[in-house]
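To start, the structure under review is shown below, and the notes come after it.
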Amino acid sequence: MGAAIKHLLGSLAVGTVCAALVFGLWYPYPYGELVGGRELFLLLISVDVICGPLLTFVVFDPRKLRRELWRDIGIIVFLQGVALAYGIATVIQARPVYLAFEGDRFRVVSVPDVEFSEINRAPESLRNLSLTGPRMLGVHLVKSGDPDYLQSIKAALGGLHPAFRPSRWVEYEQQHQTVRDNARSLAQLKGKNPNEQRLINETILKTNLNEQQLGYLPLAAGNHTDWVVIIGLEDAQPKAYLPLDGWLN
């Protein structure tokens, strides 16, 4: 029992370090909720933390020779490490890398979303996908008169949104004014969510800005379309995220 408890404590320590990396770097709030990173990580780490100490409890027998005990526990730790490494690699490969402004909304772009066949057509500064949390991104949208317009609409209906196409990426700073122009007032957000006035007001206070200095845009992330990004109207930067419906009917 003592060996299993020590193994459990060690596994918990490793799990804590991994959680700090996952939720501190790769899936900062609210991305863990938006793109499933939290559920995936908790599933993987739970299995890893539980199975290792449980196997140690099963195989540990003080009557065994020390060499046999070290062999058995070594095999368990090795398998546990392989499983953990695989889990972390899976989490990294699914990580969000951009928060893209896409006309009248923000969209989360994760590694699997990116159309890598176009990556060399992106600005050079945007080709390296972040390992330290999502970066801001602008998206060039084609207009109705452009030759690629109908094909773009068809691709978006099939799930290949403009934000997923590196050939459409531009530096976010180039679209600051467009972001400000398209931002909606928080009065509209309050009107659409009358039961969430307190949450919205508390969020405003946390930004250290007044309501007139803020705006919002809807946020889309996979199947999640019920979040909004609160932005500062002066710098067009995200100030907060709220799980509220921000779409105008």
Side-chain angles (χ1 to χ4, degrees), residues 15 17-45 84-119 121-141 155-156 158-176 179 203 216-232 235-247:
V17 173
C18 292
L21 286 173
V22 171
F23 299 115
L25 282 180
W26 305 319
Y27 292 80
Y29 179 84
Y31 298 98
E33 298 181 34
L34 289 171
V35 298
R38 180 180 61 182
E39 290 79 7
L40 177 61
F41 174 76
L42 290 178
L43 174 62
L44 292 170
I45 204 69
L84 180 61
Y86 174 79
I88 292 296
T90 301
V91 169
I92 292 174
Q93 288 301 312
R95 74 189 186 279
V97 287
Y98 286 111
L99 178 62
F101 171 64
E102 196 182 62
D104 61 350
R105 71 200 65 187
F106 284 99
R107 187 181 299 279
V108 176
V109 181
S110 298
V111 174
D113 297 325
V114 177
E115 184 69 15
F116 281 98
S117 63
E118 299 183 3
I119 195 67
R121 298 172 63 186
E124 188 172 353
S125 61
L126 300 175
R127 294 176 190 173
N128 294 323
L129 305 185
S130 173
L131 274 168
T132 56
R135 298 164 56 194
M136 300 301 296
L137 181 72
V139 179
H140 170 70
L141 299 180
L160 184 59
H161 299 284
F164 299 164
R165 301 180 59 182
S167 61
R168 301 288 187 81
W169 293 354
V170 298
E171 296 286 354
Y172 182 65
E173 289 75 12
Q174 297 179 23
Q175 296 195 336
H176 278 186
V179 173
T203 301
Y216 85 91
L217 283 167
L219 174 60
N223 294 325
H224 289 278
T225 57
D226 52 352
W227 281 71
V228 298
V229 182
I230 307 297
I231 65 165
D235 59 7
Q237 296 298 319
K239 304 299 181 183
Y241 304 86
L242 289 175
L244 300 175
D245 178 12
W247 302 94

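- A donor-acceptor pair is defined here as one N or O able to donate and one able to accept, closer than 3.5 Å; no such pair exists between the side chain of Arg95 and the backbone of Val22.
- Asp113 CG to Arg165 CZ: the interatomic distance, rounded to the nearest 0.5 Å, is 14.0 Å.
- A distance-only check finds a donor-acceptor pair linking the side chain of Arg127 to the backbone of Ala122 [under 3.5 Å].
- At a threshold of 4.5 Å between non-hydrogen side-chain atoms, the residues Phe101 and His176 do not count as touching.
- Between the side chain of Tyr216 and the main chain of Gly246, a donor-acceptor pair closer than 3.5 Å is present.
- For the atom pair Lys239 NZ and Ile231 CD1, the distance stands at 9.5 Å (nearest 0.5 Å).
- The closest side-chain heavy-atom distance from Phe106 to Val179 is below 4.5 Å.
- In this structure, the side chain of Glu102 engages the main chain of Ala163 through a donor-acceptor pair within 3.5 Å.
- Looking only at distances, no side-chain donor or acceptor of Trp227 sits under 3.5 Å from a matching main-chain atom of Pro30.
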Just do the side-chain contact (heavy atoms from CB on, under 4.5 Å) check on Val229 and Tyr241 with the steps written out, would you?
-> CA-CA 5 Å; Val229 182; Tyr241 304 86; 3.9 Å; yes
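- Although no hydrogens or angles enter the test, the distance criterion places a donor-acceptor pair under 3.5 Å between the side chain of Trp26 and the main chain of Leu131.
- In this structure, Pro166 and Glu115 have side chains that are in contact, with non-hydrogen atoms separated by less than 4.5 Å.
- Not one N or O on the side chain of Tyr172 forms a donor-acceptor pair closer than 3.5 Å with the backbone of Leu99.
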